[in-house]
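Counting starts at 1 for both ligands and their atoms, in listed order. Here, residue 1 is the first one in the sequence, and each next residue gets the next number.
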Amino acid sequence: MAKQIDLQDYINGIKSSDKRMLGKAITLIESKKPEHREMADLLLKEVLPFTGKSIRIGITGVPGAGKSTFIESFGKFAIAQGKKVAVLAIDPSSSINKGSILGDKTRMEELAKDPNAFIRPSPSSGFLGGIANTTFESLLICEAAGFDYILIETVGVGQSETLVNDITDVFLFLKVIGTGDELQGIKRGIMEMADLIFINKVNSENLSKAKMTKTELSRALQFITPREKNWKIPVILGSALEKTGLIEIFDKIDDYIALKNKNGTFLETRKNQAQKRFEFWVSEYILEKAKNNHHLENSFLAHKKKASELLSNPSSEASEFVNKLFGN
Ligand SMILES: Nc1nc2c(ncn2[C@@H]2O[C@H](COP(=O)(O)OP(=O)(O)OP(=O)(O)O)[C@@H](O)[C@H]2O)c(=O)[nH]1
Ligand SMILES: [Mg+2]
């Protein structure tokens, strides 16, 4: 039997940026087993002093926009500038084939081979299904291992943007060139979240069309207040495949972080995110405890069953149950 990995092994592995151990540490973080949770918590406490120093970048765009390709190209570009890059790809569910882990892995093959890169797909079940999502905690592990950039790919559907937005410093929206009227199809919420926009798949043939898209986008952006004071959302043309426009994105990210630091919002945002994160874990732990507490089990199940019979409101059943839980 393989030797049990102890806390110190994890810590040493993370500090020496050992990719295999990093992978194991993240698996530990993702585990729902109580004994793993306990160890994961100890590990997170140990590495806390080494976290916080990376730039956390969320990347969104419709399926096929080129997010994974962009991450691979941008990641390699950043590494060429002397940075270390970690990628956390969020896989929605195996039922959506387009975002499959396998596909992403092959697309990021070259980056994955680079000693200064680390790529980790998140588990399919862990994100949108109401099960604890641990991407933020995985991100902390990567930071402690000394990665300068953490890139997180969203699936471009559902709540994933909001969730990724809640753990990142800067949000990049990848847009594919389209006809002008396609702009109406862009969810306003996404535009309001974007700090930078990259129009992808631009080449010499479609350059004029791309410029038109840029003009249209810039016009639409006039009606949107950037999240950051004194920031004008840049629209950059480029190609993830042909590796153009990457330097502009790299520089704009730098500018954006510098501005956030100047405005005092960099830390402020992270503090707000940490508060949300705290609330997330409180509800996770309470639900878990409620489900596992044998004294309450009947009660939890009884209320749940009543809700399921459609004879009372799920909200009323939940409220009654929680009141019991806290003894009032
Ligand atoms: N011509 C061209 N094709 C590109 C470019 N960037 C990406 N592609 C292609 O577009 C397709 C989708 O790219 P991905 O990087 O997988 O897109 P994605 O947004 O990660 O897609 P999902 O993860 O499935 O949502 C692939 O066939 C890429 O090769 C580009 O700049 N130019
Ligand atoms: Mg992808």
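- If you look at Val202 next to ligand 1, there are no close heavy atoms at all, none under 4.0 Å.
- Glu288 is linked by a salt bridge (charged side-chain N to carboxylate O under 4.0 Å, His left out) to Arg37, counting only residues two or more places apart in sequence or in another chain.
- Under a 4.0 Å heavy-atom criterion, Gly61 is not in contact with ligand 1.
- Aromatic rings of Phe198 and Phe173 (six-membered ring for Trp) have centroids beyond the 6.0 Å cut-off, not under it.
- Remark: among candidates Thr69, Asn200, Leu241, the nearest residue to atom 13 (O) of ligand 1 is Thr69, based on non-hydrogen atoms.
- With hydrogens and angles disregarded, no donor-acceptor distance shorter than 3.5 Å links the side chain of Glu228 to the backbone of Lys260.
- Here is the list of ligand 1 atoms found below 4.0 Å of a heavy atom in Pro63: 25 (O).
- Looking at Glu153 and the Mg ion (ligand 2) together, the shortest N, O or S contact belongs to OE2.
- In this structure, the side chain to side chain contact (heavy atoms under 4.5 Å, CB included) partners of Asn272, at least two apart in sequence or on a different chain, are Glu268.
- Residue Ser239 approaches ligand 1 through these ligand atoms, each under 4.0 Å from one of its heavy atoms: 30 (C), 31 (O), 32 (N).
- The nearest non-hydrogen atom to atom 23 (O) of ligand 1, considering only Glu153, Lys67, Glu242, Glu72, comes from Glu153.
- Polar contact with ligand 1: present for Ala240 (N/O pair, distance under 3.5 Å).
- Electrostatic pairing of Glu242 and Lys201 does not count as a salt bridge here, judged by no charged N lying under 4.0 Å from a carboxylate O.
- Salt-bridge check for Arg56 with Glu143: passed, with a basic side-chain N closer than 4.0 Å to an acidic carboxylate O.
- Checking Ser68 against the Mg ion (ligand 2), an N/O/S atom falls under the 2.8 Å cut-off.
- Here the rule is side chain to side chain contact (heavy atoms under 4.5 Å, CB included) with Tyr10, and of Leu28, Leu42, Val47, Leu22 only Leu28 fits it.
- Considering each of Ala65, Ser68, Ser73, Gly64, the one bringing a non-hydrogen atom nearest atom 21 (O) of ligand 1 is Gly64.
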